[in-house]
There are 2 protein chains.
Amino acid sequence: MRDPDNFSDTPAPPARKRTTRAKNAEATRQNILEAALSEFARSGFSGARVDTIADMTQTSKRMIYYYFSNKEELYLAVLEESYKKIRAFETEVSLDELSPVNALRKLVEATVDYQAGHPDFIRIIMNENILQGSNIERLPELRSVNSGAIDLLRRLCARGVDDGSFREDINPVDLHMNISALSFFNVSNRYTFGFIFDRNFSDPEVHAARREQIVESILRYVRAA
Amino acid sequence: MRDPDNFSDTPAPPARKRTTRAKNAEATRQNILEAALSEFARSGFSGARVDTIADMTQTSKRMIYYYFSNKEELYLAVLEESYKKIRAFETEVSLDELSPVNALRKLVEATVDYQAGHPDFIRIIMNENILQGSNIERLPELRSVNSGAIDLLRRLCARGVDDGSFREDINPVDLHMNISALSFFNVSNRYTFGFIFDRNFSDPEVHAARREQIVESILRYVRAA
DNA sequence: TCCTTGTTGTACCATTTGGTACATTGCGGA
DNA sequence: TCCGCAATGTACCAAATGGTACAACAAGGA
């Protein structure tokens, strides 16, 4: 994913291979972003330590401030990239050749799996909500990004109404919210809920069973009559 | 619930009445707990400032360390009290004289309203999950506390199956999880979701409409056939 | 070859922050 | 009335933490 060249975490031997500096620049930036995602997700904005991020990087703290002028900007960059990645995922799921019911099933399953597979993303969003959305407001382009998800559902609902499998009065935003809520909660509250009710969501079987319940819940929500 | 005596939220005039010290002691502790809940909820564990909590209090930082030996213990006390309060609420909702469908409707509505009315509680739980449940593990009594919620649902399901209104294969933990997820998400993701999809959940009408969708979703989830 | 410019490492600083030393006050029991 | 101890206020500290000064290095154009 990245040129590991002459950077390493340990006190480091002088220098080994050698690539052009220009090439490393972007790689360094990405390297920082990945480390930052992990650290912000683990500890929240305030809990995250810039020094810790630097240590996870193949470069130094100096570089963090070189590419992202301060901690807040770095956090913002992480937030933006996280949302862009989930959008990319959504558009990848191909549903057009499936029946409405099967398409919705597939979409829900994919969403549940995606969220479960990206706990860092979930935590970043949780953290942003603790901060009362103060940063996301600076990223207005996310609105158009996410409205794609609604369009997708709107079309799907229309198809479902046409073939008689869905009821008519479904608001796609509510539907999206139901899907999001059920798949988000699985991950977001994994620790407290898992502890209190003794469910280990890391277990693949537990995950699959829960996913089926979510699918069931959504299908029952949209089905006609 | 508490002796309101000479405590108030505003900067407050020097000192007014005068109660016995002993009496004030418990009040001071409660006063600190309330301030801490608010601050931890607003900023998360790391983001919360002990000095800020002290400022919100009618007493000094010294007292925080007197009653709770350090920041972590204070956080733990807040977490514990939050859970105990939500338990108290659940047992208060009386459902026995209602039909299963109406009882479930009432329970869901009450849950949605309760969570919406206690955003600080929601944030505390979010924060605890960001911390990967490291503190809740030290409060094993919460397990028995919350298992009451499951018992309630189990009985309700049995009644519903008896009178033919509910399907037979409902797992009460899954049902509880659905209810929790849908009502939790409303509050937990209020800022990001609200911003992206332009929904203001503080608006009573928006809240009521969403609540009805959640009830609908749950009822469809349990209904027979 | 040399100089400009983007990139990077080292060492350091000022402030913030959790936490404490120490003195003081006043209630309640003897 | 007086003393012991719970309760509290003031002032302070050491460590952690976000951020920076400054120098140096490398690559590419002149």
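Computation of the quantities below employed the complete heavy-atom set of this structure, encompassing side-chain atoms and omitting hydrogens, waters and symmetry-equivalent molecules. Within every chain, numbering begins at 1; the chains are lettered A, B, ... in the order of the sequence lines, protein sequences first and strands thereafter. Nothing here was measured: the structure is a model prediction, and the numbers come from that model.
Screening B:Thr28, B:Asp51, B:Ile53, B:Thr59 for a side-chain contact (heavy atoms from CB on, under 4.5 Å) with B:Ile64, the sole residue that qualifies is B:Ile53. For the side-chain hydrogen bond (donor to acceptor under 3.5 Å, both in side chains) with A:Tyr75, the qualifying choice from A:Asn127, A:Asn70, A:Asn135 is A:Asn127, the only one to do so.
Rounded to an integer number of Å, the gap from CG of A:Asn31 to P of C:dT7 is 16 Å. In this structure, CG of B:Leu74 is placed 10 Å from P of C:dG19, rounded to the nearest angstrom. B:Asp55 places its CG atom 14 Å from the P atom of C:dT16, with the value rounded to the nearest Å. Look at CD on A:Glu73: it is 16 Å from P on D:dG18, rounded to the nearest Å. Between the OH atom of A:Tyr65 and the C1' atom of D:dG19 there is a distance of 5 Å, given to the nearest Å. As rounded to whole Å, 15 Å separates atom P of D:dA16 from atom NZ of B:Lys71. Rounded to an integer number of Å, the gap from A:Arg62 CZ to C:dA11 P is 15 Å. Following rounding to the nearest Å, B:Gln30 (CD) and D:dA7 (P) show an atom-to-atom distance of 15 Å.
Interface residues of residues 41-50 of chain B facing DNA chain C, ordered by number: B:Ala48, B:Arg49, B:Val50; criterion, heavy-atom separation under 4.0 Å.
Side-chain proximity of B:Met63 to the nucleotides D:dA7, C:dG9, D:dG19 is greatest for D:dA7. Nearest nucleotide to the B:Thr59 side chain, out of C:dT7, D:dG9, D:dG18: D:dG9. For A:Lys61, counting side-chain heavy atoms from C-beta on, the closest listed nucleotide (D:dT8, D:dG19, C:dG19) is D:dG19.
Of the possible polar contacts, none joining the A:Glu128 side chain to the A:Leu79 backbone as a donor-acceptor pair under 3.5 Å is found.
Listed pair A:Ser60 / C:dT10 fails the phosphate criterion, with no side-chain N or O lying under 4.0 Å from OP1 or OP2. Proximity of A:Tyr67 to the phosphate of C:dT8: a side-chain N or O atom is located under 4.0 Å from OP1 or OP2. When the side-chain nitrogen and oxygen atoms of B:Thr28 are compared with OP1 and OP2 of D:dA7, none of them lie within a distance under 4.0 Å. The side chain of A:Tyr66 places no N or O atom within less than 4.0 Å of a non-bridging phosphate oxygen (OP1 or OP2) of C:dT8.
Between the side chains of A:Tyr221 and B:Gln213, a donor-acceptor pair is found at a separation under 3.5 Å.
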Under the side-chain hydrogen bond (donor to acceptor under 3.5 Å, both in side chains) rule, what do B:Asn129 and A:Thr192 come out as? Steps first, then yes or no, please.
CA-CA 6 Å; B:Asn129 277 287; A:Thr192 53; 3.0 Å; yes
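Under the side chain to side chain contact (heavy atoms under 4.5 Å, CB included) criterion, A:Ala181 pairs with B:Leu182, B:Phe185, sequence neighbours left out. Listed by chain and number, the residues in a side chain to side chain contact (heavy atoms under 4.5 Å, CB included) with A:Glu205 are A:Asp203 (sequence neighbours excluded).
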